[in-house]
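In what follows, a single structure is set out as structure tokens and then discussed.
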Protein chains: 2
Amino acid sequence: MLLSYTEENYLKAIYHLSEDGKIDVSTNAISDALNTKPASVSDMLKKLSQKEVINYIKYQGVSLTPSGKKIALQIIRKHRLWEVFLVEKLNFNWDEVHEIAEQLEHIQSNLLIERLDEFLGFPPFDPHGDPIPNERGEMKAKKHTPLSETELHNQGKVIGLKETSPLFLQYLDKAGIYIGAKIKVMDKIEFDGSLEILIDNKKTILVSNEVAKNILIAES
Amino acid sequence: MLLSYTEENYLKAIYHLSEDGKIDVSTNAISDALNTKPASVSDMLKKLSQKEVINYIKYQGVSLTPSGKKIALQIIRKHRLWEVFLVEKLNFNWDEVHEIAEQLEHIQSNLLIERLDEFLGFPPFDPHGDPIPNERGEMKAKKHTPLSETELHNQGKVIGLKETSPLFLQYLDKAGIYIGAKIKVMDKIEFDGSLEILIDNKKTILVSNEVAKNILIAES
DNA sequence: ATAACAATTTAGGTTTGTCTAAAAAAAAAT
DNA sequence: ATTTTTTTTTAGACAAACCTAAATTGTTAT
Ligand SMILES: [Mn+2]
Ligand SMILES: [Mn+2]
Ligand SMILES: [Mn+2]
Ligand SMILES: [Mn+2]
């Protein structure tokens with residue numbers, strides 16, 4: 001089935017919104033995510049329901065059907081592969097790629113995306129540590145312990161981020177934090193939940209609780 | 001100025017139609033090129049005229065303004081660079097890339113296209129021998145003597161094509177003709193204008209006049 | 001010079017995706 | 001158990017890009 005650029009964006013938004021455990025996604029949440037009005041979302045949900053890519057009962061929220069989920073994962077696959085291309089091949093910084101990938105993810109060609117995947121060496125993760133689905137929509141589960149919940153003195157590695165906004169990524173660059181960096185929590189300040197962390201056994205810095213919540217760690 | 005996907009395609013079509021020496025392009029020619037109805041073209045010409053990217057006098061055809069021409073050349077630059085990428089990096093055949101480039105040419109990001117150009121080594125020509133405009137819209141003029149008008153026994157090199165449809169490209173593959181191939185005209189059959197040609201001093205084949213008109217030669 | 005034909009434009013509609021304002025339903029508060 | 005507030009849907013409009021049918025302008029042939 002062929003969906004429009006806009007319909008694809010709705011499916012992707014619904015997928016991302018239901019990622020945080022939520023089973024049913026609300027009209028308002030979608031309108032927030034896509035910067036449209038709730039009334040426009042209602043219209044679109046009716047249309048997507050007709051096309052059988054979402055389960056929709058009026059006033060009761062929405063979820064993806066298996067076929068809708070498959071489409072959403074294909075778009076996410078394309079988005080993340082293009083992000084890898086931009087960073088690995090065209091030397092973009094990780095905070096510059098999202099906007100361009102938002103456009104590139106809608107290019108229609110299965111052959112293109114399979115060739116791109118091959119050209120990039122079948123990367124399992126994108127520049128922000130997010131897993132890249134394969135053709136069947138399967139991806140490596142990345143276990144996510146936020147840095148804010150890591151035990152004191154435990155050594156871990158940065159495997160991903162909850163936030164990927166340019167401002168946050170630029171902050172991380174400045175702090176010397178990147179995907180793969182070794183991090184050890186040296187001290188927890190009870191007052192505001194900020195953490196003293198040792199990066200790569202070299203540099204000790206203080207990060208706020210807000211920052212720590214958005215850094216995902218694989219403990220070792 | 002920001003133009004829509006569709007407006008960009010109109011400018012590109014007008015540019016290509018005026019390439020063949022024509023100063024003013026007709027409504028019907030545009031509607032043919034874009035597979036739309038003349039009435040739709042009239043609507044769009046009014047809009048493009050308002051945006052000052054075309055010179056338009058009702059009933060008298062249309063031409064690009066300097067700013068319209070600049071935009072058209074930027075789109076063509078993007079199209080051709082992406083074609084090089086697809087062939088050189090993703091191993092596509094030259095007859096498979098046009099459709100995908102039609103989509104990729106509309107991706108908006110100056111940085112992207114400059115980085116891509118650099119990544120590809122600043123190629124002066126695309127896989128079909130067409131010149132790639134630089135950021136300022138300048139490109140190498142390619143002199144075009146159709147093979148059909150080449151002197152008997154003259155040796156030349158294939159530098160481009162007039163037609164780049166998949167069917168024609170596939171025919172050339174089969175015949176062993178490619179950009180850069182050495183060609184010598186051995187005989188001209190007066191009856192139908194077909195030619196006996198020697199390719200790379202190895203293989204002699206017969207090509208129709210129709211084919212010969214669409215192969216561009218640099219004589220040496 | 002006029003009639004016939006071809007090219008182009010206008011008039012009036014459709015579809016997609018958006019909006020605002022108003023109505024209806026669900027959830028929260030009293 | 002009502003009332004109030006919030007969420008969601010419907011009603012009615014609009015812009016972009018297309019269409020068909022009809023009117024207009026330009027071109028060619030008599
Ligand atoms: Mn992204
Ligand atoms: Mn990402
Ligand atoms: Mn092309
Ligand atoms: Mn080309």
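Quick note on labels: first sequence line is chain A, next is B, and so on, each numbered from 1.
- For the pair B:E96 (side chain) and B:N93 (backbone), a donor-acceptor distance under 3.5 Å is present.
- B:K46 has a side-chain polar atom (N or O) that falls below the 4.0 Å cut-off from OP1 or OP2 of C:dT10.
- With rounding to whole Å, A:K37 atom NZ is found 17 Å from D:dT10 atom C1'.
- Rounded to an integer number of Å, the gap from CD1 of A:I30 to P of D:dT9 is 9 Å.
- Taking 4.0 angstrom as the limit, B:K58 places a side-chain polar atom (N or O) nearer than this to OP1 or OP2 of C:dT10.
- Under a 3.5 Å cut-off, the side chain of A:K188 and the backbone N or O of A:S194 do not form any donor-acceptor pair.
- Checking D:dT9, C:dT8, C:dT18 against every side-chain atom of A:T6, the shortest atom distance belongs to C:dT18.
- A salt bridge is defined here as a Lys NZ or Arg NE, NH1 or NH2 lying under 4.0 Å from an Asp or Glu carboxylate O, and B:K70 with B:E135 fails to meet this definition.
- Across the protein-nucleic acid pair, B:M44 atom CE and C:dT9 atom P stand 14 Å apart, rounded to whole Å.
- In this structure, A:K89 satisfies the cation-pi test against A:F119, with its NZ or CZ atom closer than 6.0 Å to the six-membered ring centre and inside 45 degrees of the ring normal.
- With rounding to whole Å, A:D24 atom CG is found 14 Å from D:dT8 atom C1'.
- Nearest nucleotide to the B:T27 side chain, out of C:dA21, C:dT9, C:dT18: C:dT9.
- Look at CG on B:L48: it is 13 Å from P on C:dT9, rounded to the nearest Å.
- Nearest-nucleotide mapping onto DNA chain C: of A:Y5 and B:V41, the residue sitting toward the 5' end is B:V41.
- Of the side-chain N and O atoms in A:Y10, one or more sit less than 4.0 angstrom from OP1 or OP2 of C:dT18.
- Per the geometry, CD belonging to B:Q50 stands 14 Å off P belonging to D:dA15, to the nearest Å.
- Projected onto DNA chain C by closest heavy-atom contact, A:S40 and B:D43 fall at different nucleotides, the more 5' of which corresponds to B:D43.
- Computed from coordinates, the A:E7 CD to C:dT15 P distance equals 15 Å when rounded to whole Å.
- Taking the side chain of A:N28 as heavy atoms from C-beta on, and the options D:dT20, C:dC19, D:dT7, the nearest nucleotide is D:dT7.
- Looking at A:R115, its side chain does come within 3.5 Å of a backbone N or O of B:N91 through a donor-acceptor pair.
- Remark: A:S42 is in phosphate contact with D:dT9, judged by side-chain N or O atoms under 4.0 Å from OP1 or OP2.
- Across the protein-nucleic acid pair, B:Y59 atom OH and D:dA23 atom C1' stand 8 Å apart, rounded to whole Å.
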